[in-house]
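Here is the structure we will look at.
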Amino acid sequence: MAALTLYGQEVRSRLLLGTARYPSPACLQEAVEKAHVDIVTVSLRRETIGMQRGEGLSGQGFWRLIKQLGVHVLPNTAGCHSVREAVTTAQMAREILGTDWIKLEVIGDDQTLHPDIFGLVEAAEILVKEGFKVFPYTTTDLGVAERLLRAGCQLLMPWAAPIGSGQGISHRSALRTMRQSFADIPLIIDAGIGRPSHAVDVMEMGFDAVLLNTAVAQAGDPVRMAHAFAQAIEAGRTAYEADPMESFSSAISASPLMGRGKLG
């Protein structure tokens, strides 16, 4: 399986893992190691608030653990509902974590966590000008995608379904059209993947990587599920590179019908 290049950096694993909602720091660490992940995402707002409250992984040396993982950290602006919030959070993340990478989320609706596409583009324009390498969480809207690329984003992170829903692909034709329209742009599926079979599906469609959190962290056995997803993503990508056969509406014999005698 060929390596993936994101903003000039080559990564071996096409699985990106979120770091929220794991049962324990040890479980998170083992899941990352078992799946051989190169990139993990971190919500600066969520972990900072958790640290202040003494809740979750934050109170148990979360930041120390992240550094010990030895992987590339992709901070995100999860929970931000305005351009100003997202930009400020990105600036804080760069100062604290020492990286120009930022997963950009600007939420427009609390129920669906649907991206605010107008705020997303505006925030992306600001952050790119400030030297950030932006990973924008977006929809399958081709017009929005074009504007994000014109703003300076070098990749896109479309959803397959709403965050945390585990539905898999909600709009297959829209994802196929997006993949075809941006054939040379890295596209990372971000949100909606719930099972390894969903990951195989999007990878066979030609998407470059998958970002997961809930599907792994909230599984009965997060470590084994992380491993399962890593295998599924590798299988899906390998199948895509091998150029799978097309489907047909009728049966086609795998063996030529030669020498069949006539009856009667």
Side-chain angles (χ1 to χ4, degrees), residues 1-7 11-18 31-32 35-41 74 76 78 103-105 112-115 117 120 135-142 144-145 148-149 153-219 222 224-247:
M1 185 172 63
L4 175 63
T5 300
L6 304 174
Y7 283 105
V11 294
R12 297 163 299 168
S13 174
R14 291 173 182 263
L15 170 61
L16 289 70
L17 275 184
V32 170
H36 302 290
V37 171
D38 291 325
I39 299 172
V40 298
T41 65
L74 174 61
N76 68 45
K103 180 193 167 191
L104 179 60
E105 297 181 32
T112 64
L113 300 180
H114 194 291
I117 56 177
L120 178 67
F135 293 60
Y137 163 59
T138 185
T139 66
T140 53
D141 187 300
L142 300 184
V144 175
L148 288 167
L149 294 174
C153 298
Q154 295 182 18
L155 57 83
L156 301 168
M157 302 183 76
W159 66 355
I163 292 175
S165 68
Q167 295 174 9
I169 301 175
S170 293
H171 302 289
R172 182 175 297 273
S173 61
L175 280 178
R176 286 194 181 279
T177 300
M178 190 173 198
R179 178 68 283 179
Q180 293 165 1
S181 299
F182 303 102
D184 298 325
I185 302 297
L187 299 180
I188 301 171
I189 293 295
D190 178 14
I193 300 299
R195 297 176 181 271
S197 57
H198 299 160
V200 172
D201 204 356
V202 295
M203 295 303 290
E204 286 185 349
M205 290 171 66
F207 285 88
D208 296 285
V210 174
L211 171 58
L212 300 166
N213 193 162
T214 306
V216 172
Q218 297 295 288
R224 293 185 69 186
M225 187 60 73
H227 187 215
F229 268 110
Q231 292 176 310
I233 288 168
E234 182 175 356
R237 181 64 188 185
T238 301
Y240 170 74
E241 292 175 348
D243 192 13
M245 66 172 284
E246 297 295 328
S247 59

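The structure presented is a predicted model; accordingly, all values stated were derived computationally and were not measured.
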Between CZ of Arg176 and CZ of Arg172, what distance do you get to the nearest 0.5 Å? 6.0 Å
Just by modelled atom types, is the Thr41 backbone N or O under 3.5 Å from a matching donor or acceptor in the Asn76 side chain? no
Applying ring pair (Phe, Tyr, Trp, His ring centres under 6.0 Å), which residue pairs with at least one partner in residues 164-212 are found, sequence neighbours left out? none
Under 3.5 Å, is there a donor-acceptor pair between the side chain of Arg14 and the main chain of Asp208? yes
Enter the distance from Ile233:CD1 to Ile193:CD1 here, rounded to the nearest 0.5 Å. 8.5 Å
Considering non-hydrogen atoms only, spot the tightest contact between Cys153 and Tyr7 and give its length. CA-OH, 3.6 Å
The single option from Leu17, Leu6, Leu4 passing side chain to side chain contact (heavy atoms under 4.5 Å, CB included) against Ile39: Leu6
Just by modelled atom types, is the Trp159 backbone N or O under 3.5 Å from a matching donor or acceptor in the Tyr137 side chain? no
Kindly give the heavy-atom pair with the smallest separation between Ala35 and Leu15, and that separation in Å. CB-CD2, 3.9 Å
Find out whether Val210 and Leu16 are in side-chain contact, i.e. whether some heavy atom of one side chain is under 4.5 Å from a heavy atom of the other. no
Any chance you could lay out the side chain to side chain contact (heavy atoms under 4.5 Å, CB included) test for Asn213 and Gln218, step after step, and finish with the verdict? CA-CA 8 Å; Asn213 193 162; Gln218 297 295 288; over 6 Å; no
Which heavy atom of Met178 sits nearest a heavy atom of Thr140, and at what distance? SD-CA, 3.8 Å
With side chains defined as the heavy atoms from C-beta onward, is the minimum distance between Thr139 and His114 less than 4.5 Å? yes
Step-by-step side chain to side chain contact (heavy atoms under 4.5 Å, CB included) determination, Arg237 to Met203: CA-CA 5 Å; Arg237 181 64 188 185; Met203 295 303 290; 3.7 Å; yes
Across all chains, not counting sequence neighbours, the side-chain hydrogen bond (donor to acceptor under 3.5 Å, both in side chains) partners of Thr177 are none
How close do Leu142 and Ser181 get, heavy atom to heavy atom, and via which atoms? CD1-OG, 3.7 Å
When rounded to the nearest 0.5 angstrom, what distance separates CE in Met157 from CD in Glu105? 8.5 Å
Trace of the side chain to side chain contact (heavy atoms under 4.5 Å, CB included) decision for Leu155 with Phe135: CA-CA 6 Å; Leu155 57 83; Phe135 293 60; 3.6 Å; yes
Any side-chain heavy-atom pair from Ile169 and Ile189 closer than 4.5 angstrom? no
Run Asp190 and Lys103 through salt bridge (Lys or Arg N to Asp or Glu O under 4.0 Å) and show every step you take. CA-CA 10 Å; Asp190 178 14; Lys103 180 193 167 191; 3.0 Å; yes
With sequence neighbours left out, what residues match Arg195 under salt bridge (Lys or Arg N to Asp or Glu O under 4.0 Å)? none
Between Leu120 and Leu104, does the side chain to side chain contact (heavy atoms under 4.5 Å, CB included) criterion hold? Intermediate values first, please. CA-CA 7 Å; Leu120 178 67; Leu104 179 60; 3.7 Å; yes
What's the shortest heavy-atom distance between Pro196 and Ala228, and which atoms? CG-CB, 4.0 Å
Heavy-atom nearest pair, Leu211 first then Ile188, reads N-CG2, 4.1 Å
Would the distance check show the side chain of Arg12 and the main-chain N or O of Ala3 forming a donor-acceptor pair, the cut-off being under 3.5 Å? no
Roughly how far, to the nearest 0.5 Å, is CZ of Phe229 from OG of Ser13? 13.0 Å
